[in-house]
Amino acid sequence: MNCFSQKDISRSGQLLKLGAVNKAWKERWFVLVGSKLYYFRNRDMKQPQGTVSVDQAYIRPSADQQYCFEVVTSQRVFQLVAQSHNDMLKWVQALTEASSVSKENELFQVLEERICSVEAVRCSNAMKHSPPVSSTQSPSHDSNDLLTYVSSEDD
């Protein structure tokens, strides 16, 4: 077992990690202590294979794979996969709390959700206010990047 005291560990467990050079998923044992995320080849190793400082990291769920989440640092984006949805949520919460930018993480999440909903409304409104496209019309973009319809027939 590694050299950390149980009282110092915020979270520990098995995760898959996508390699930086060798783009393969590998099982690793992860231990979160303070704002440092240590990973080991297995649970019995004494020395970590690597360390990720999550102090200034942005933590976010990822759609790349089921139960996948990312730890975005200034040096690299770490892609990790938990064993279940609940496990993923617990890791994301623990890592977010360990990050000094946790409030910014929440703000980014809210902003991403709002941007998506604004885009959906815009798309919906554009569809409501645009004339139906006939077989003689084709869509094009004007200088204001608004969707307009130009007749393909000569007048």
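Computed from heavy atoms alone, side chains included, the values below leave out hydrogens, waters and symmetry copies. Numbering starts at 1 and runs along the sequence shown. Since this is a predicted model, take the numbers as computed values, not measurements.
In this structure, Ser99 and Ala57 approach most closely via the heavy-atom pair OG-O, 2.9 Å. In terms of heavy atoms, Glu27 sits closest to Leu16 at CG-CD2, 3.4 Å. The minimum heavy-atom distance between Trp25 and Cys68, with the atom names listed, is CH2-SG, 4.2 Å. For the residue pair Leu15 and Trp91, the shortest heavy atom distance occurs at CD2-NE1, 3.6 Å. The two residues Pro48 and Tyr38 come nearest to each other via the heavy atoms CG-CD2, 3.9 Å.
Inter-residue side-chain proximity for Val71 and Val77 is flagged as unmet; no heavy-atom pair is nearer than 4.5 Å. Side-chain contact check for Ser62 versus Phe69: every heavy-atom pair is 4.5 Å or farther apart. Within the 4.5 Å cutoff, the side chain of Tyr58 has no heavy atoms near those of the Ser74 side chain. Contact annotation: the side chain of Leu80 approaches that of Leu37 to within less than 4.5 Å [non-hydrogen atoms, C-beta and beyond]. Contact of the Glu70 side chain with the Gln79 side chain is registered, since non-hydrogen atoms from C-beta on lie closer than 4.5 Å. Contact check for Asn42 versus Trp29: no side-chain heavy atoms found under the 4.5 Å cut-off.
In this structure, Phe78 has no ring pair (Phe, Tyr, Trp, His ring centres under 6.0 Å) partners at least two apart in sequence or on a different chain. Under the ring pair (Phe, Tyr, Trp, His ring centres under 6.0 Å) criterion, Phe30 pairs with Tyr39, sequence neighbours left out. Evaluation of the side chain to side chain contact (heavy atoms under 4.5 Å, CB included) rule for Ser10 yields Leu32 as partners, not counting sequence neighbours.
Judged as a salt bridge (Lys or Arg N to Asp or Glu O under 4.0 Å), not a single pair has a partner in residues 72-86 (not counting sequence neighbours).
Remark: the Thr73 side chain and the Gln56 side chain contain no N/O donor-acceptor pair separated by less than 3.5 Å. Between the side chains of Arg28 and Gln49, at least one donor-acceptor pair of N or O atoms lies under 3.5 Å.
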Check: residues 81-89 side-chain donor-acceptor pairs under 3.5 Å, at least two apart:
from  : atom 1 : to    : atom 2 : distance (Å)
Ser84 : OG     : Asp87 : N      : 3.0
Asp87 : OD1    : Arg11 : NH2    : 2.4

